[in-house]
Every structure is written in structure tokens, then in C-alpha cells.
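Below is one structure, written out as C-alpha cells; comments come after it.
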Amino acid sequence: MSRFFLTTPLYYVNARPHLGHAYSTIVADTVVRFRQQLGENASFLTGTDEHGQKIQRAAEAAGITPQQFADANAARFREEWDRLGLRYSYFIRTSEARHAAAVAAVFRRMQANGHIYKGEYSGAYCVHDELYVEGQPGDVCPTCGRPTEKLTEENYYFRLSAFQQPLLKLYEEQPEFIRPESRRNEVLAFVQAGLRDLSISRTSIRWGIPVPGDEKHVFYVWLDALCGYLTGIGYGSELPADRQRFQDLWPAWHLVGKEIVRFHAVYWPAFLMAAGLPLPRGIIAHGWLLFEEEKMSKSRGNVVRAEPIRRVLGSDALRYFLLREISFGQDGSFSYDSLVSRYNSDLANDWGNLASRTLNMIHRYFGGKIPYPAAGVAWLHGDLEIMRLAEQARDELRQAFDQHHFARGLESVWQLIAGLNRYLVDQEPWALAEKNDSGSRSRLATVLHIAAEGLRFIAVLLASVLPGSANRLWTQLGLEGDAAQRIDGLTWGKIPVDQAIAPIEPLFPRLEKAVAIEQLRRLETESEAAASSGQAAAGQSAAAASAPPADATAPTPAAVMDKAATAVPPAAASAPTANAPAAAAAGTQAAAGASGSAARIAIDDFAKVDMRVGEVKTAERIPGATKLLKLTVDIGTETRQIVAGIAEAYTPFDLVGKKVVIVANLEPRKLRGVESNGMIVAASDPATGKPTLVSVPAETPNGARLR
């Protein structure tokens with residue numbers, strides 16, 4: 001099985017994640033899901049860039065340490081991606097000890113190869129972009145437009161000038177190393193104009209990784225951050241498993257925004273050449289997400305967050321809008337008006353209405369079972385046109401997604417959706433149902449069979465972009481597994497006939513635009529106010545700096561206990577009743593309900609519950625059990641085997657390396673013949689009943705107790 005490894009940028013933790021960050025990560029998640037549907041072993045890395053002068057100054061302004069400031073905002077990024085259902089495999093923070101060791105190792109290799117020397121820099125520096133700038137101090141930065149500052153200090157220099165010709169040779173021999181071509185041309189012009197040696201250390205700040213052997217220097221934040229792509233998959237580790245992972249995954253494809261192409265397409269390959277390490281497979285650059293025709297940024301005050309959109313329209317609607325509305329590689333405009341309009345027109349009216357009326361007619365006319373097409377049927381022109389559109393959508397989506405033309409690929413699927421809607425209007429199955437003759441009944445069966453098969457096709461094709469909605473449709477069709485089936489094996493005529501469909505629920509209920517926009521704006525305002533309040537509190541108390549974000553909706557351990565959502569005292573941990581959800585029987589106690597109406601307990605009872613942080617080391621399905629996973633969890637002092645009923649919400653691939661909370665002092669019990677020595681703490685979605693794991697910051701040590 002071939003491997004595909006992708007990275008997002010490591011996001012700078014000077015502020016909370018906004019929609020621009022979400023766009024990059026959603027694209028990465030979509031690409032990896034798509035590659036998995038092609039049968040590849042695909043994964044992606046994301047993380048946070050946490051050093052530099054900007055972080056140091058922001059922390060000082062908040063009255064906390066840089067580490068506390070970074071901890072709080074790094075947790076916000078991870079929580080945001082988890083809420084959006086983004087299935088990253090690796091998350092790296094540049095303040096981790098393992099990362100510092102790897103950066104030092106890369107530096108030593110560069111130094112040993114003669115590409116490092118010591119000198120002095122005096123000139124213009126942009127604090128916002130952590131970038132040395134041509135010109136005089138006070139001149140504006142060409143990247144962000146802010147005034148530069150004067151900087152004079154001793155530095156270590158990297159001989160970037162020595163790599164001008166090797167880089168030009170790279171671009172010539174691998175013309176697709178930088179995509180799209182417009183970005184390649186920009187980089188080519190920059191390198192052809194001549195490269196100057198690059199300062200890679202600072203002495204004027206302390207918040208960074210010390211240069212080995214000369215600790216008054218800390219590494220330039222860009223050398224530091226770029227090495228995170230190596231560190232996050234095991235580079236520099238002495239553990240055999242980490243070394244093997246690095247060998248298996250590297251080199252990577254890098255997905256970046258257009259403003260950081262130079263760092264990734266010039267500095268990064270030069271660093272790797274100097275260190276004698278393999279180069280990336282390539283750089284894939286996307287454009288900016290514009291709001292009121294300007295790039296989103298905190299300083300401009302035009303930031304839009306993903307969380308309010310997720311709460312009002314759902315994660316899938318956001319994913320669809322960003323990938324359909326924006327031509328990848330170019331700048332794209334965002335507005336709440338266009339977001340809700342696209343939701344109503346494409347998702348509610350087109351796809352949602354097609355699914356709803358097809359399934360409702362199958363339920364009404366064929367007792368809720370997929371009908372057989374007429375025996376010995378001679379396909380009509382309209383039938384054949386749907387089959388042609390389905391195969392065309394499959395082929396065009398694959399070709400478009402291979403080239404990251406997501407909008408074009410989705411347009412081909414919507415041509416199939418539009419074709420099926422026209423087909424139902426033309427064939428009038430409701431009129432056929434009113435006739436009593438056998439010919440009309442046979443034709444009705446054929447029409448609804450074709451419509452159901454079309455829905456199956458659509459679910460598979462949209463599984464990488466709208467995974468939640470595609471899986472809901474898959475379930476409603478009564479199909480086994482999930483919608484993320486192999487695209488290269490997707491052929492017409494495979495839907496099981498006489499298959500009972502599941503209860504029908506609308507995929508995308510239509511929204512009243514004015515009401516939805518008002519909700520989005522209100523939640524955005526509340527989110528910003530809560531975040532500002534949280535930052536103020538952090539400045540008063542260092543402990544508050546590492547607390548969950550003020551606008552978090554995912555349950556914290558304390559909130560879970562307040563609602564009796566998961567963990568229960570050992571005395572109450574009896575066998576589930578017949579009415580208890582399956583999650584409880586699998587070692588994950590379901591929520592007591594949105595009202596939090598469970599009986600109150602005394603503080604002494606709560607004190608009996610030993611909840612500890614653990615890291616999932618392995619995860620696998622239990623044969624014959626659709627909801628159970630067998631996990632091994634490192635809780636610091638030991639590794640526990642735990643059976644958890646979370647397979648409907650998480651795959652084994654999602655869980656390895658994830659930090660979780662477990663109840664450690666429950667009596668062991670057997671589930672499906674497998675011993676479970678503890679219980680994973682999770683909340684239950686009131687609408688779907690599916691579990692959501694309680695998350696903790698990645699840096700929390702295994703074995704830490706929740707109090």
C-alpha cells in the first residue's frame with residue numbers, strides 16, 4: 001500500500017484560530033480522506049509554532065509566561081480541530097522537548113557540513129512576520145505592511161547564497177515542486193534575483209530554542225518551526241518505533257498559504273540540502289480567505305471563527321462552502337450571506353431534498369425496502385443518462401481532486417444531483433404510484449432503484465468533503481460500513497435490493513437566512529467577548545493561562561461531572577440496565593441528558609473517582625462488535641487495556657497518540673470476552689447519542705489526576 005503524507009502549516013499561537021487556519025486544515029483533512037478512498041495509507045500532521053518575539057511580547061502584555069501563553073492558545077487549536085472532526089494523525093508543538101532536540105540535531109548537521117558561521121546583523125526587522133526586511137528600519141514590511149524596527153545583534157548565519165543554483169536546478173528538474181504555477185513563478189523570480197545569507201539565531205530574545213554550545217543565542221523562529229515537520233513524525237528520537245515512522249513517512253507534501261511559500265520553497269529545501277536530509281515532495285500553496293476584500297487578521301479586526309458556523313450550520317456545511325466557493329490556489333471571499341445561500345441552495349434544496357424525497361417514496365411505496373428494477377428491463381434514455389452522469393462524476397471528481405481543483409470536482413457531483421432531481425420530475429414516480437397496472441408498478445420500482453443507487457454514488461463521492469452527512473445518508477440507505485468506500489472500485493448497480501432503509505432524517509434542514517445570519521453574528525460577538533474576558537483573567541492568574549478557552553463547547557472534566565455526563569463513583573458503576581445506551585455497556589457512560597438531571601452527589605463521592613490522563617498507544621476493533629474498540633492506554637505508572645464503545649465516532653487510526661481521560665479505579669469487567677480495566681471518559685451528543693471524548697492539552701503528562 002502506497003503512503004501519502006501531508007502537513008499543514010504549524011500555526012502561530014499569537015491568537016485563537018480563525019477561519020483562515022480552519023481552511024488550511026480542512027483542505028488537508030479532505031485531501032487525506034480522498035487519498036484513503038484511493039487505497040493509500042494517507043495521514044497528515046498539523047501543530048503549533050510557539051516561539052519568537054511576538055509570543056514573548058504578547059505574554060508579557062498578558063502578565064504570564066510565554067509557555068503559559070503558548071499552552072492556552074495551542075490547546076485552542078487542537079480543540080478547534082477536534083470539534084470540526086478533522087482527523088489529523090500527528091500534532092507537534094514547537095515548545096516540546098522532543099522538538100528542541102531535533103532542531104539542535106539539524107543545526108549540528110548543517111554546521112558540520114560547513115554551512116553555518118557567526119556574524120552581526122544590523123537592519124530592518126518585522127516583528128509581526130519574524131522576518132528580516134530589505135531597506136531601512138521604519139520602512140513597511142512588504143508582507144504585512146507594518147513598520148519595521150531596527151535590530152542589531154550577533155547572529156549565526158546560514159549560507160543561503162550557496163544554494164541559489166541547487167534550488168534553481170530543483171525547480172527546473174521538478175517543475176511541479178511548487179504548485180500552482182503562479183507561486184512557482186514568484187519563487188523562481190525571487191531566487192534568480194540572488195540569495196543573501198540568512199540569520200538563523202537571535203540574542204535579543206529568550207523565548208526560543210537555545211543554540212547548542214552557545215546558549216545566549218536562540219534559533220530563528222522559522223528554522224525552529226520548519227523542523228517541526230520532521231520532529232512530529234519521529235526525527236531525532238532514539239526510539240526504534242519513532243525512527244521507523246520517520247523513515248516510512250518522510251518526505252512529505254507541504255500545504256501552505258501563499259504568504260509563506262518563500263519560507264517553504266526556498267529556505268526549507270536549502271536547510272535540508274545543507275543538513276543532507278531528503279527534500280519534501282512538493283509545496284502546495286493556497287490563496288487567502290478574504291473578508292470584505294481583505295485578508296483575515298486580528299489586527300484588521302475582520303476575523304471570522306469556525307466555531308459559530310459549526311454550531312449553526314454544522315461542520316460539513318463549512319467544509320463544503322470553503323471547497324466549493326473558493327477556487328483552490330486563488331484568493332476567495334467569505335460572507336455569512338454567501339455561506340447561508342450556498343447551504344440552502346446546494347445542500348438543503350439540491351442534495352438534501354433529493355435524498356429526502358427518494359427515501360420517503362421508498363418508504364411509502366415499497367415498505368421501506370430498496371426495490372428491484374423491473375425484470376428484463378430495457379433501460380430508457382433517462383435511465384442511461386443518470387448512469388452516464390454518475391460515472392462522469394466519479395471520473396471527473398477523481399481527476400479534479402488529484403490536481404486540488406476541489407470546486408471543479410464538486411461541480412461534477414452536483415451535475416449528477418441536478419440530473420437525478422430532473423429525472424424524478426420527468427419520471428413522476430408519485431404519478432406512477434397512483435396507477436394500478438403492473439407496468440406502472442414495475443416502472444416505479446425501476447425509477448426509485450436508480451434514484452437510490454444514485455444516492456449511494458453521491459455518498460461515496462462526497463465522503464471526503466462532507467463525511468458526516470455522507471455517512472448519515474449511507475446509514476439511511478441501510479448500507480453497511482461507512483460511505484468512505486474505494487472510489488476506484490465504485491461502479492453502478494451495487495446497491496443491495498430489498499435492503500431495508502433506516503429511519504429518515506433530513507440531511508440539511510432549510511434555514512431562514514436572516515435568522516441564521518443573526519445567530520452567526522451573535523455567536524461571533526459572544527465568542528470574541530468571552531475570549532477577551534478569558535485573556536484578561538489569564539493576565540491576573542498564571543493558572544488561568546492553561547485553562548480551556550472561554551468559548552469552548554467541548555466538556556471539560558469538571559463540566560462533565562457537573563452534568564453527570566460520564567464518570568460515576570465506583571459504587572454506582574453497576575451493569576447497565578436494558579434501557580442504557582450501548583456506549584455505557586462498552587465502557588463509556590453516556591450523558592444523562594442535556595438538562596443535566598442526574599441525581600447530585602456529595603463531594604466525598606466525587607473524591608472516590610480516580611480520573612487520570614492517558615495516551616492511547618494502540619487501538620483495534622473487536623471482531624463481531626460494531627461499537628467496541630480495544631485500547632491500550634499509558635497512564636504513566638502502567639499501561640491499561642480498556643474496551644470502549646466509541647467505534648461509531650472514532651476509528652483506531654484517529655485514536656493512536658491521542659490524550660484521553662480514564663476512570664482508573666473501576667473494577668475490571670469483561671465485554672465480548674475482552675477484559676476492560678478502566679473506562680474512557682466521554683460525553684454523549686444529545687442529538688445523535690454518539691460519544692465525544694474529553695480532551696486535555698497534549699503536554700499534560702500521562703498519569704496526571706483530574707481534580
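Computed from a predicted model, the values in this text were never measured in an experiment.
- Cation-pi geometry between R35 and F4 is met: under 6.0 angstrom from the ring centre, within 45 degrees of the axis.
- Between E411 and R324 there is no salt bridge, since no side-chain nitrogen of the basic residue lies less than 4.0 Å from a carboxylate oxygen of the acidic one.
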request  = Under the side chain to side chain contact (heavy atoms under 4.5 Å, CB included) rule, what do F328 and V27 come out as? Steps first, then yes or no, please.
outcome  = CA-CA 9 Å; F328 185 81; V27 169; 3.8 Å; yes
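- Side-chain N or O atoms of R184 include one that pairs as donor or acceptor with a backbone N or O of Y171 at under 3.5 Å.
- When atom types are taken as modelled, the side chain of Q56 and the backbone of R206 share a donor-acceptor pair closer than 3.5 angstrom.
- Ring centroid separation for the pair H254 and F263 does not come in under the 6.0 Å cut-off.
- Residues forming a salt bridge (charged side-chain N to carboxylate O under 4.0 Å, His left out) with R57 (at least two apart in sequence, or on another chain): E149.
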Which pairs would a plain distance check flag for residues 185-195, meaning a side-chain donor or acceptor within less than 3.5 Å of a matching protein atom at least two apart in sequence or in another chain?
| residue | atom | partner | partner atom | Å |
| --- | --- | --- | --- | --- |
| N185 | ND2 | E181 | O | 3.4 |
| E186 | OE2 | R183 | NH1 | 2.7 |

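- Remark: the D197 side chain and the S161 side chain contain an N/O donor-acceptor pair separated by less than 3.5 Å.
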Candidate pair Q36 and R87, rule side chain to side chain donor-acceptor pair (under 3.5 Å), full reasoning = CA-CA 12 Å; Q36 289 170 349; R87 300 194 307 188; 3.1 Å; yes
inquiry  = I'd like to know whether E325 forms a salt bridge (Lys or Arg N to Asp or Glu O under 4.0 Å) with R342, so could you lay out the CA-CA distance, the side-chain angles of the two residues, the decisive distance to 0.1 Å, and finally the verdict.
reply    = CA-CA 8 Å; E325 190 80 8; R342 180 69 81 172; 2.9 Å; yes
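- The heavy-atom pair separating S412 from E396 by the smallest distance is CB-OE1, 3.2 Å.
- E153 places a side-chain N or O within donor-acceptor distance of the main-chain N or O of S204, the cut-off being under 3.5 Å.
- Residues H217 and Y156 bring their aromatic ring centres within 6.0 Å.
- Atoms CG and CD1, from L84 and I309 in turn, are 9.5 Å apart once rounded to the nearest 0.5 Å.
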key: Candidate pair F401 and S464, rule side chain to side chain contact (heavy atoms under 4.5 Å, CB included), full reasoning   = CA-CA 10 Å; F401 276 31; S464 65; 3.7 Å; yes
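- Under the 4.0 Å criterion applied to side-chain N and carboxylate O atoms, E528 and R16 are assigned as salt-bridge partners.
- By the side-chain hydrogen bond (donor to acceptor under 3.5 Å, both in side chains) test, T231 pairs with H99, sequence neighbours left out.
- Using a cutoff of 4.0 Å between basic side-chain nitrogens and carboxylate oxygens, E79 and R76 are not scored as salt-bridged.
- For an aromatic pair to be called close, the ring centres must be under 6.0 Å apart, and Y343 with F321 fails this.
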request  = Check the pair E526, R522 against salt bridge (Lys or Arg N to Asp or Glu O under 4.0 Å), reporting the backbone distance first and the verdict last.
outcome  = CA-CA 6 Å; E526 291 174 358; R522 175 176 55 80; 3.3 Å; yes
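- Relative orientation of the Y11 and F77 rings is parallel, given thresholds of 30° and 60° on the angle between their planes.
- A donor-acceptor contact shorter than 3.5 Å links the side chain of E96 to the backbone of R93.
- Between L347 and A317, the closest heavy-atom pair is CD1-CA, 3.9 Å.
- Classification of the W222-H264 ring pair by plane angle, with boundaries at 30° and 60°, yields perpendicular.
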request  = List the steps, then state whether side chain to side chain donor-acceptor pair (under 3.5 Å) holds for H286 with S24.
outcome  = CA-CA 8 Å; H286 63 75; S24 296; 2.6 Å; yes
request  = Test side chain to side chain contact (heavy atoms under 4.5 Å, CB included) on C126 and C144 and set out the steps.
outcome  = CA-CA 9 Å; C126 175; C144 69; 3.7 Å; yes
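- Donor-acceptor pairing under 3.5 Å is lacking for the side chains of R305 and H18.
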request  = Show your reasoning for whether salt bridge (Lys or Arg N to Asp or Glu O under 4.0 Å) applies to D214 and K118.
outcome  = CA-CA 11 Å; D214 198 351; K118 188 179 285 189; 2.8 Å; yes
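- For the pair W288 (side chain) and K258 (backbone), a donor-acceptor distance under 3.5 Å is absent.
- With K54 contributing its side chain and V127 its backbone, the two residues share no donor-acceptor pair below 3.5 Å.
- Annotation: salt bridge (Lys or Arg N to Asp or Glu O under 4.0 Å) contacts involving residues 217-226, sequence neighbours excluded, are absent.
- Atom CD of Q174 has more than 12 heavy atoms from other residues, nucleotides or ligands within 6.0 Å.
- Here the straight-line distance linking atom OG of S2 with atom CG of N41 works out to 8.0 Å at 0.5 Å rounding.
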query = Yes or no on side chain to side chain contact (heavy atoms under 4.5 Å, CB included) for I233 and D242, after CA distance, side-chain angles and deciding distance?
reply = CA-CA 7 Å; I233 54 173; D242 290 339; over 6 Å; no
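- Counting all heavy atoms, side chain and backbone alike, A28 lies closest to F44 at CB-CD1, 3.9 Å.
- Qualifying ring-ring contact (aromatic ring centres under 6.0 Å, His included) partners for F163, counting only residues two or more places apart in sequence or in other chains: H115, F158.
- Considering OH of Y235 and CG of L230, their distance stands at 7.0 Å, rounded to 0.5 Å.
- Between D316 and R310, none of the side-chain N atoms (NZ, or NE/NH1/NH2) sits under 4.0 Å from a carboxylate O, so this pair counts as no salt bridge.
- Cation-pi geometry between R202 and Y220 is not satisfied (NZ or CZ under 6.0 Å from the ring centre, within 45° of the ring normal).
- For the atom pair CH2 (W253) and NE2 (H404), the distance works out to 7.0 Å, reported to the nearest 0.5 Å.
- For residues 17-29, the salt bridge (Lys or Arg N to Asp or Glu O under 4.0 Å) pairs, not counting sequence neighbours, are D29-R33, D29-R319.
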query = What's the verdict on salt bridge (Lys or Arg N to Asp or Glu O under 4.0 Å) for E176 and R179, showing C-alpha distance, side-chain angles and the deciding distance?
reply = CA-CA 6 Å; E176 293 197 342; R179 305 179 187 180; 3.1 Å; yes
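- The neighbour count for E120 CD, taken as heavy atoms of other residues, nucleotides or ligands under 6.0 Å away, is above 12.
- Listed for the N73 side chain is no donor-acceptor partner under 3.5 Å among the backbone atoms of A70.
- The number of heavy atoms from other shown groups lying within 6.0 Å of NZ (K169) does not exceed 12.
- Defined by atom type and a distance below 3.5 Å, a donor-acceptor pair is missing between the side-chain atoms of E524 and S527.
- To the nearest 0.5 Å, atoms OG1 (T8) and OH (Y229) are separated by 6.5 Å.
- Without hydrogens or angle criteria, S338 side chain to S335 main chain gives a donor-acceptor distance under 3.5 Å.
- Put simply, the side chain of T94 gets close to the backbone of E50: a donor and an acceptor are under 3.5 Å apart.
- The aromatic ring centroids of F107 and F219 lie less than 6.0 Å from each other.
- Between the side chain of N155 and the main chain of S199, no donor-acceptor pair closer than 3.5 Å is present.
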